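Report on the structure given below.
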Number of protein chains: 2
Amino acid sequence: MAWLYRPRRGDAALESTELKKAGLKATLPRLKILDILENSNQRHMSAEDVYKALLDLGEEVGFATVYRVLTQFEAAGLVIRHNFEGGHAVFELERGHHHDHIVCVQCGRVEEFYDQIIEDRQRAVVASKGYEINDHALVIYGNCTKIDCPYRSRG
Amino acid sequence: MAWLYRPRRGDAALESTELKKAGLKATLPRLKILDILENSNQRHMSAEDVYKALLDLGEEVGFATVYRVLTQFEAAGLVIRHNFEGGHAVFELERGHHHDHIVCVQCGRVEEFYDQIIEDRQRAVVASKGYEINDHALVIYGNCTKIDCPYRSRG
DNA sequence: AGGTTAAATGAGAACGATTATCATTAGCAT
DNA sequence: ATGCTAATGATAATCGTTCTCATTTAACCT
Ligand SMILES: [Mn+2]
Ligand SMILES: [Mn+2]
Ligand SMILES: [Zn+2]
Ligand SMILES: [Zn+2]
C-alpha cells in the first residue's frame, strides 16, 4: 500500500517539539513514524502498515522499533490503539475527540462516527450496574456500499 | 479456577441431540466441552478456562481439540466468540438474545446488558453512512464497585 | 565543536495465543 | 461386527507482538 503515504513532509521542527512536549527524545525513528501517522492517507494504520510506509521511503527502521515507538506514543497520549477483529492492532493519531468506528468486513474501510445518544445511554447503563465507566469500544461491522468497494454487494 | 465448574452433569442424551442438530458428531470431547459451557459458573470462558475445567474433571482432552471444538461450535452457532481486550478470546453459549458487555478492568468480572436505544441508534448511524449492518461489538470497560471485587476503588 | 552518558535502536530470539500437520482412534451407517 | 470417514491428540508451525542485548545516538556539558 505504498501509494497510501503522501510524502508531503510535515514541519520537522513542529514534530520535534511535539515529541519533546510528550516527554520523548526527538529521535529519527520517532520523527519519521510521527510524520507517517500525520500524513498517511489512511487514518488507521497497523504496525505493519507503518513499517511498510517506512520501507517505501527508503528509511531504515527496525520492526521492533515501530512497535516500541507506537506503544510509547500510546502511553504518551499521542495515538490510540484499537483492537478491531482480525488479530492485529491499529493505531491512529489522538485528535482529542472520542469517536467510534464502522468497519467494512469486505474491504476493510473504516468510517468514524460519534453519537451523543449512544454515549449518554452507555453512561446510564453503566451507572445502573454499579460500575464506574473507564472506557469503551464500539465497533460496528458491516458491508459498505461505496462504489469503489471491490466486494460491494450489488451494482 | 477449578471450583468454578459445577459438575451437575447435564442430560447427556439432550446434549448429544444438540450436537447432532448442529451437524456435529456427538464425540466425547465435544460432549464434555458442551457440558462445561452449560454448567460452569462463569458464562464467559477462554479456551484455557475450558481446558482447565476438563483437567479438573480428570478428562483427557487435548488443548488443540478444545480450540478446534470451540471454533466448530462457533461456526455451528452454538457459541459466540468475543475479543475483549487482553489478547485471548472468550466464548459463551449462544442463548438467542443479543447483548453487550461491561468488563471490570480490575477483577475481570463481566456484566451483560441490552439497551434498545443504543441498538436503534446504531442502526440509524450505520444507515446514514451507507453501510449495511452486519454485527457489532460494544464493550464498556470500567471499575466495578462490587463488595467482593479485590481491587475495589474504595471501602 | 568535541566528549560523556543515559536512553534509543536494530537484529534476532522469545513469547503467548491460536492453527496446521499427521499418524492414530473412534463414531456411526451398513 | 466391519469399514469408512471424520475426529482426536501430540507436536510443530504460525502470527502478532515483546524482550534481550550489543551498538548507536540525542541531549547535555564542557
Ligand atoms: Mn478512528
Ligand atoms: Mn455475554
Ligand atoms: Zn463512543
Ligand atoms: Zn448491542
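Owing to the predicted nature of the structure, the values given are computational and were not obtained by experimental measurement. Quick note on labels: first sequence line is chain A, next is B, and so on, each numbered from 1.
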- Item | Candidate nucleotides D/dG16, D/dA26, C/dT18, ranked by approach to the side chain of A/Lys25 - the nearest | D/dA26
- Item | Connected via hydrophobic side-chain network under 4.5 Å: A/Tyr114 and B/Ile117 | no
- Message: Counting only side-chain heavy atoms from C-beta out, which of C/dG27, D/dA7, C/dT9 sits nearest to A/Gln72?
- Response: C/dT9
- Message: Using heavy-atom distances to pick each residue's nearest nucleotide on DNA chain C, tell me which of A/Pro29 and B/Phe91 is more 5'.
- Response: A/Pro29
- Can you name the nearest heavy-atom pair linking B/Thr65 to B/Pro29, along with the distance? CG2-CB, 3.9 Å
- Query: Over how many whole Å does the gap from A/Arg30 atom CZ to D/dA27 atom P extend?
  - Reply: 9 Å
- Query: Among C/dA11, D/dA7, D/dA10, which nucleotide sits nearest the side chain of A/Ala64?
  - Reply: C/dA11
- What pair of heavy atoms forms the shortest contact from A/Gly142 to B/Tyr131, and how long is it? C-CD2, 4.4 Å
- Note on the structure: note: B/Leu31, atom CG; C/dA26, atom P; distance rounded to Å ~ 15 Å
- Among D/dT8, D/dT17, C/dA7, find the nucleotide with the atom closest to the side chain of B/Val69. D/dT8
- By nearest nucleotide on DNA chain D, pick out whichever of B/Thr65 and A/Leu24 is the more 5' one. B/Thr65
- Separation of C/dA17 atom C1' from B/Lys52 atom NZ, nearest Å, is 13 Å
- Query: So, for A/His99 and A/His101, is the gap between ring centers shorter than 6.0 Å?
  - Reply: yes
- Query: To the nearest angstrom, how far is A/Phe63 atom CZ from C/dA11 atom P?
  - Reply: 13 Å
Hey, can you pull the donor-acceptor pairs under 3.5 Å for the side chains in residues 74-90 of chain B, sequence neighbours left out?
unit_1, atom_1, unit_2, atom_2, d
B/Glu74, OE1, B/Arg81, NE, 3.0
B/Glu74, OE1, B/Arg81, NH2, 3.1
B/Arg81, NH2, B/Thr71, OG1, 3.2
B/His82, NE2, B/Glu92, OE2, 2.5
B/His88, ND1, B/Gly86, O, 3.2

- Message: Base, sugar-phosphate or nothing for A/Arg68? Non-hydrogen atoms, less than 4.0 Å.
- Response: base
- Enter the inter-axis angle for the ends of the helix from C/dA1-D/dT30 to C/dT30-D/dA1 (five pairs per end, rounded to 10°). 30°
- Length of the line joining B/Lys20:NZ and D/dA7:P, which is rounded to integer Å: 13 Å
- Query: Name the one of B/Thr27, B/Ile33, B/Leu34, B/Val50 that satisfies side-chain contact (heavy atoms from CB on, under 4.5 Å) with B/Val69?
  - Reply: B/Ile33
- So does A/Tyr67 get a side-chain nitrogen or oxygen closer than 4.0 Å to the phosphate oxygens (OP1/OP2) of D/dT17? yes
- Message: Looking only at side-chain N and O atoms, does A/His44 offer a donor or acceptor that is under 3.5 Å from a partner on A/Glu112?
- Response: yes
- When rounded to whole Å, the NE2 to C1' distance for the pair A/His88 and C/dG16 reads 18 Å
- Across the strands shown, which category fits B/Glu48 at heavy-atom distances under 4.0 angstrom: base, sugar-phosphate, nothing? nothing
- Give B/Thr27 one of three labels, base, sugar-phosphate or nothing, depending on what nucleic acid heavy atoms sit under 4.0 Å from its own. sugar-phosphate
- In whole Å, what is the span from the CG atom of A/Leu70 to the C1' atom of C/dG10? 16 Å
- Rounded to the Å, how far apart are B/Glu74 CD and C/dT19 C1'? 14 Å
- Note on the structure: Assign each of A/Glu60 and B/Ala47 the nucleotide of DNA chain C bearing its closest heavy atom; nearer the 5' end lies the nucleotide of A/Glu60
- Item | Sidechain-backbone polar pair: B/Glu94 side chain, B/Gly96 backbone, donor-acceptor under 3.5 Å | yes
